[in-house]
Chemist: 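Dropping a structure here in structure tokens format, bear with me for questions.
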Number of protein chains: 2
Amino acid sequence: MNSEERLIESTRELLWERGYIGTSPTAIQHRAKAGQGSMYHHFTGKSDLALAAIRRTADEMRAKAEEQFAAPGTAMERVTAYLRRERDVLKGCPIGRLTQDPDVMADPALRAPVDETLAWVRARLAEVLAEGRERGELDAGLDPQETAATIAAILQGGYVLARAADSVEPFDQAVTGVLGLLTACVPAPRT
Amino acid sequence: MNSEERLIESTRELLWERGYIGTSPTAIQHRAKAGQGSMYHHFTGKSDLALAAIRRTADEMRAKAEEQFAAPGTAMERVTAYLRRERDVLKGCPIGRLTQDPDVMADPALRAPVDETLAWVRARLAEVLAEGRERGELDAGLDPQETAATIAAILQGGYVLARAADSVEPFDQAVTGVLGLLTACVPAPRT
DNA sequence: GTCTATAGTTGGATAGAC
DNA sequence: GTCTATCCAACTATAGAC
């Protein structure tokens, strides 16, 4: 891995662990085993490097989610697979955590990938749910957009509760809880 | 309001807006219109001041939540009142946001009030739900603890989605969505 | 209690040599 | 491309005067 690549990857890690304000160019350089000259040769500065890092993380997040969304199976099966997927729960969401970073939210360029990615997740979940409703897999009264927001919020909120408790338990409970509520919206099969 | 009081209040605001890493003693002093000498006379340093601020915010958060939890009405009514209560959605949760602050989570003293407050919210919600289930207001198959985690996660996650979108819409949708799912667990009244 | 002075460290970046 | 030298501001805190 070349120096530019290492700088981006180190920035991705540090943004996840410490956020934008908490990540210094010096810390990035140390982790990437790159000098100052190298960093400022490849990138104009901290924000430029952060942009590259955030974009890559956002792309990766969408790709991983699409694996479950585009899989075969009923809507409930796909939503369950998405919620139950292996996750670094105690580390939280590398995109969601950036919403707490005022310097990220204040910069339209840095903010855009965060906004777009979470909006995409909601929209994609809504599509999956709408599809399930059309196929009669889900109750006709279920609102796809609202329920999609609920599911996306469960994940982001589950991370927060898990980090506070320093335990994955509340995350797992929140997921199990919403899946239980959703199951009640699955029409009984015609006998 | 005296100087000590102003320092605590300013710290509360800044922790909410910029987090622990992003809040400097200088910034606190400016907002509180207090000098350095004043601040270091009343508090041993940044973390000591942050502790006072976090404790107060945690107490306030519990008191506000208890208003809805202890109100008269069915479990669904109290949960609905809690979720629909007026909130500074785009500012997020002043306690939940601290879970993203590695320096807060690394210090047991600062971490404790965050952990305890969110655990309390879940436990209290579980009590309300269990009560509703016993009274026959909610489906017997509903797990109070899991559902409590779901509801608490909706709030924390709703804030994240709202901040990303710079709009309260996803927060409101997530809340409406989960209330819709919960309503499906309300047994039809005996006719 | 509050003020000013001081101080060592880190942050974020630039300049120019190689 | 990478290195070292240099820069100024901000961060966090201490010391001592008033």
Side-chain angles (χ1 to χ4, degrees), chain A residues 1-56 97-98 100-111, chain B residues 1-56 97-98 100-111:
Chain A
M1 202 159 51
N2 64 22
S3 167
E4 186 177 358
E5 202 54 29
R6 288 200 312 278
L7 283 162
I8 296 179
E9 288 302 314
S10 298
T11 305
R12 295 216 300 151
E13 292 171 15
L14 283 164
L15 285 180
W16 197 358
E17 293 167 19
R18 305 191 48 80
Y20 185 79
I21 302 184
T23 296
S24 71
T26 314
I28 295 171
Q29 292 152 25
H30 277 216
R31 187 167 298 207
K33 295 189 195 310
Q36 303 214 22
S38 182
M39 177 184 144
Y40 283 100
H41 170 74
H42 292 292
F43 302 94
T44 65
K46 177 179 169 176
S47 65
D48 186 37
L49 182 42
L51 181 57
I54 293 172
R55 279 191 176 145
R56 185 174 294 185
R97 80 106 57 225
L98 297 173
Q100 305 297 339
D101 238 309
D103 292 0
V104 170
M105 300 316 275
D107 181 336
L110 294 179
R111 183 201 189 106
Chain B
M1 201 158 53
N2 64 23
S3 166
E4 187 177 357
E5 202 53 28
R6 290 201 310 276
L7 282 162
I8 295 178
E9 288 302 313
S10 299
T11 304
R12 296 217 298 152
E13 293 171 14
L14 283 164
L15 285 180
W16 196 0
E17 293 168 17
R18 305 192 48 79
Y20 186 79
I21 303 185
T23 296
S24 70
T26 314
I28 295 171
Q29 292 151 25
H30 276 218
R31 186 167 301 207
K33 297 191 196 308
Q36 302 216 21
S38 182
M39 175 183 146
Y40 284 101
H41 171 74
H42 293 292
F43 303 94
T44 65
K46 176 178 170 176
S47 64
D48 186 38
L49 183 43
L51 181 58
I54 293 173
R55 279 191 176 144
R56 184 174 294 185
R97 78 107 58 228
L98 297 173
Q100 304 298 336
D101 238 308
D103 292 0
V104 170
M105 300 316 275
D107 181 336
L110 295 179
R111 184 202 186 103

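So you know, we letter chains A, B, ... as the sequences are listed, proteins then strands, and number each from 1. As a basis for the values below, the full set of heavy atoms in this structure was taken, side chains included, without hydrogen atoms, waters or symmetry mates.
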Chemist: Please state how far atom NE2 in B/His30 lies from atom P in D/dA9, giving the value in whole angstrom units.
Modeler: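 That distance rounds to 15 Å.
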Chemist: Quick one: A/Met39 CE to C/dG11 C1', roughly how many Å, whole number?
Modeler: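 These atoms are roughly 11 Å apart.
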Chemist: By nearest nucleotide on DNA chain C, pick out whichever of A/Tyr20 and B/Gly37 is the more 5' one.
Modeler: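 Result: B/Gly37.
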Chemist: Looking at B/Ser24, does any N or O in its side chain come under 4.0 Å of the phosphate oxygens OP1/OP2 on D/dC11?
Modeler: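 Yes, because at least one side-chain N or O of B/Ser24 sits under 4.0 Å from OP1 or OP2 of D/dC11.
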Chemist: Tell me the interatomic distance from A/Ile21, atom CD1, to C/dG12, atom P, rounded to whole angstroms.
Modeler: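 So the CD1-P distance, A/Ile21 to C/dG12, works out to 10 Å.
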Chemist: Once you round it to whole Å, what is the distance between P of D/dT12 and NZ of B/Lys46?
Modeler: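 After rounding, the reported distance stands at 4 Å.
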Chemist: Whole angstroms only, please: what is the CD-P distance between B/Glu4 and C/dT2?
Modeler: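 Rounded to whole Å, this separation is 9 Å.
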Chemist: Do B/Glu17 and B/Arg12 meet the salt-bridge criterion of a basic N to acidic O distance under 4.0 Å?
Modeler: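 Salt bridge flag = no for B/Glu17 with B/Arg12.
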Chemist: Classify the nucleic acid contact of B/Thr26 as base, sugar-phosphate or nothing, counting any heavy atom under 4.0 Å across all strands shown.
Modeler: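 Base contact.
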Chemist: How close or far is atom P of C/dG11 from atom CD1 of A/Ile28, stated in whole angstroms?
Modeler: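 It works out to 11 Å between those atoms.
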Chemist: Nearest of D/dA5, C/dT2, D/dT12 to any side-chain atom of B/His41?
Modeler: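 Among the listed nucleotides, the one closest to the side chain of B/His41 is C/dT2.
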Chemist: Give the nucleotide from the list C/dC3, D/dT12, D/dC3 with an atom nearest to the side chain of A/Ser38.
Modeler: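 The answer is D/dC3, which lies nearest to the side chain.
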Chemist: Inspect the contact between B/Arg31 and B/Glu9 and indicate whether a charged nitrogen and a carboxylate oxygen are less than 4.0 angstrom apart.
Modeler: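 Not counted as a salt bridge, because no side-chain N and carboxylate O are separated by less than 4.0 Å.
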Chemist: Is the backbone of A/Asp103 close enough, under 3.5 Å, to the side chain of A/Asp101 for a donor and an acceptor to pair up by distance?
Modeler: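 Pair absent, no side-chain N/O of A/Asp101 close to backbone of A/Asp103.
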Chemist: Between A/Glu13 and A/Arg18, does any side-chain N to carboxylate O distance fall below 4.0 Å?
Modeler: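 No, A/Glu13 and A/Arg18 are not salt-bridged.
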Chemist: Find out whether B/Ile21 and B/Pro102 are in side-chain contact, i.e. whether some heavy atom of one side chain is under 4.5 Å from a heavy atom of the other.
Modeler: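 Yes, their side chains come closer than 4.5 Å.
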Chemist: Nearest whole angstrom, please: distance from the C1' of C/dC3 to the CD of B/Gln29.
Modeler: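 After rounding, the reported distance stands at 12 Å.
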Chemist: Remember a base hit wins even if backbone is also touched, and classify B/Ser47 as base, sugar-phosphate or nothing at under 4.0 Å, heavy atoms.
Modeler: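 The residue B/Ser47 makes no contact with any strand.
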Chemist: Select one nucleotide: of D/dG1, D/dT12, C/dA13, the one nearest the side-chain heavy atoms of A/His42.
Modeler: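 For A/His42, the side-chain atoms sit closest to D/dG1.
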Chemist: Report yes if a side-chain nitrogen or oxygen of A/Ser3 is closer than 4.0 Å to either non-bridging phosphate oxygen (OP1 or OP2) of D/dT2; otherwise report no.
Modeler: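 Answer is yes, contact under 4.0 Å.
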Chemist: Distance check needed: C/dG1 P versus B/Arg6 CZ, whole Å only.
Modeler: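 Taking CZ of B/Arg6 and P of C/dG1, I get 14 Å after rounding.
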